[in-house]
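FYI, the numbering just counts along the sequence from 1. As the structure lists them, so they are numbered: ligands from 1, and atoms in each ligand from 1.
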Amino acid sequence: MKINILKGMYDVLPDDAAAWQLVEKTVRDVCNLYGFGEIRTPVLEKTELFERGVGKQTDIVKKEMYTFNDKGDRSVTLRPEGTASVVRAYLESGLGAQGEPVKFFYIAPMFRYERPQAGRFRQHVQFGAEYFGIKDPAADVETILLLLSIYDRLDIKYELNINNVGCGKAGCRDSIRDGVKKYFERNLPKMCDDCRLRYESNPLRILDCKKESCMEITEGFSGTGEISCPDCKQYYGEIKKLLDENAIKYSENPKLVRGLDYYTTFVFEVSASGLGAQNSVGGGGRYDSMVKDLGGSDVPAVGFGSGIERVILAMKSRNPGKQYGTKPKIFVVFQGEKAYKEMLPVLSYLRNGLNINACAVFGKSLKAQMRAANKSGAAYAFIIGDREIEEGRYKLKNMETGEEKEIRSGEIENLNKIFGVSI
Ligand SMILES: [Zn+2]
Ligand SMILES: [Zn+2]
């Protein structure tokens with residue numbers, strides 16, 4: 001009996017891997033331009049890191065973590081999101097110990113034990129960025145610009161939504177909680193079971209509920225920002241001004257809270273077309289208390305995360321049928337005993353000597369080889385038979401036009417020159 005993949009997991013096959021590589025390369029290139037350095041943290045961390053960093057009351061920590069005891073009987077968890085691990089590493093590394101700004105980016109798999117559905121997996125890969133040490137609206141806007149530049153280069157059509165969710169200061173987040181509770185109090189019997197629990201433990205998450213009946217009730221809520229403290233209002237206002245000045249289009253969504261507890265004052269979410277009802281492709285915000293919550297000093301921070309699976313869905317819906325992979329330039333076709341001996345040396349020469357993407361199939365008839373050459377999408381077929389070797393003339397066939405050129409054995413070194421830029 002064959003062994004199947006685990007539920008909620010997927011394999012990336014070569015055709016798709018080309019799109020993955022493009023996303024990863026774009027993330028690395030753009031992050032590099034913005035001065036963010038790559039950080040790689042372990043997949044496995046102490047469970048406590050996420051309980052304290054992400055929040056015990058979040059759905060992620062309560063329901064979705066892959067948590068187990070290791071052989072030393074320590075509770076460990078497969079990373080369910082990126083930020084807590086990066087904060088831990090930031091603190092342990094001592095970078096930024098003097099209060100200087102530190103900018104990280106990562107590309108890493110996350111694990112959540114949730115019900116698999118379209119575009120949602122139990123292992124999914126996220127890229128993200130975290131910017132420590134600066135509390136200035138320009139840092140928030142620069143972080144958004146980084147994310148949008150990545151999307152622009154990947155040709156994704158998107159919309160930016162922003163909100164002010166209030167901060168941890170007394171009278172700010174607490175008033176927002178009270179305001180939310182007051183608003184939903186009389187409608188509670190009409191709301192879903194989850195929301196009734198959230199009402200007690202984490203009322204802001206009610207605004208996030210995707211159940212139709214709850215969304216209808218949420219419709220009339222005026223928003224979190226209006227209840228926030230004057231500092232939050234001012235900070236948020238300055239961000240909006242900067243977004244305007246930098247011609248970044250956005251919509252305000254006064255109900256946007258994101259699924260995580262750690263955000264303070266400013267959150268944003270980017271939705272993309274082609275993803276269906278759950279159209280969020282990335283998002284983030286400011287989290288000014290997490291570094292302190294995880295044992296550091298008072299270091300402000302802002303960041304984002306974006307799921308690569310959804311980014312690729314958005315890319316593909318915008319450019320249906322687009323091939324992201326590279327095709328071979330030359331398909332080498334062999335016939336005869338002498339040619340058989342030449343196969344590997346010729347391929348090696350093309351690949352290593354001339355840096356040409358070349359391929360071949362072995363143990364097949366001439367006809368089957370030509371068929372394979374066609375299917376591969378190669379630009380040229382290089383035909384080597386015993387007769388060609390004896391006569392010292394080879395055939396190079398342009399697979400698109402059918403045109404054939406004769407190459408003399410002494411000219412093989414010049415293949416690049418013969419075809420100039422086309423090879
Ligand atoms: Zn506040
Ligand atoms: Zn609900």
Pi-cation contact, F221 with K255 (under 6.0 Å, within 45°): no
Mutual orientation of the aromatic rings belonging to Y151 and Y158 [parallel < 30°, tilted 30-60°, perpendicular > 60°]: tilted
Side-chain heavy atoms of M9 within contact of F121, under 4.5 Å: no
No-hydrogen, no-angle side-chain donor-acceptor test under 3.5 Å, R79 and T41: yes
SG (C209) to the Zn ion (ligand 2) to SG (C214) angle, given to the nearest 10 degrees: 110°
C232 atom SG and C229 atom SG as seen from the Zn ion (ligand 1), angle to 10 degrees: 110°
With the Zn ion (ligand 2) as the apex, the SG/SG angle for C192 and C195 - to 10°: 110°
Vertex the Zn ion (ligand 1), arms to C172 SG and C167 SG, rounded to 10°: 110°
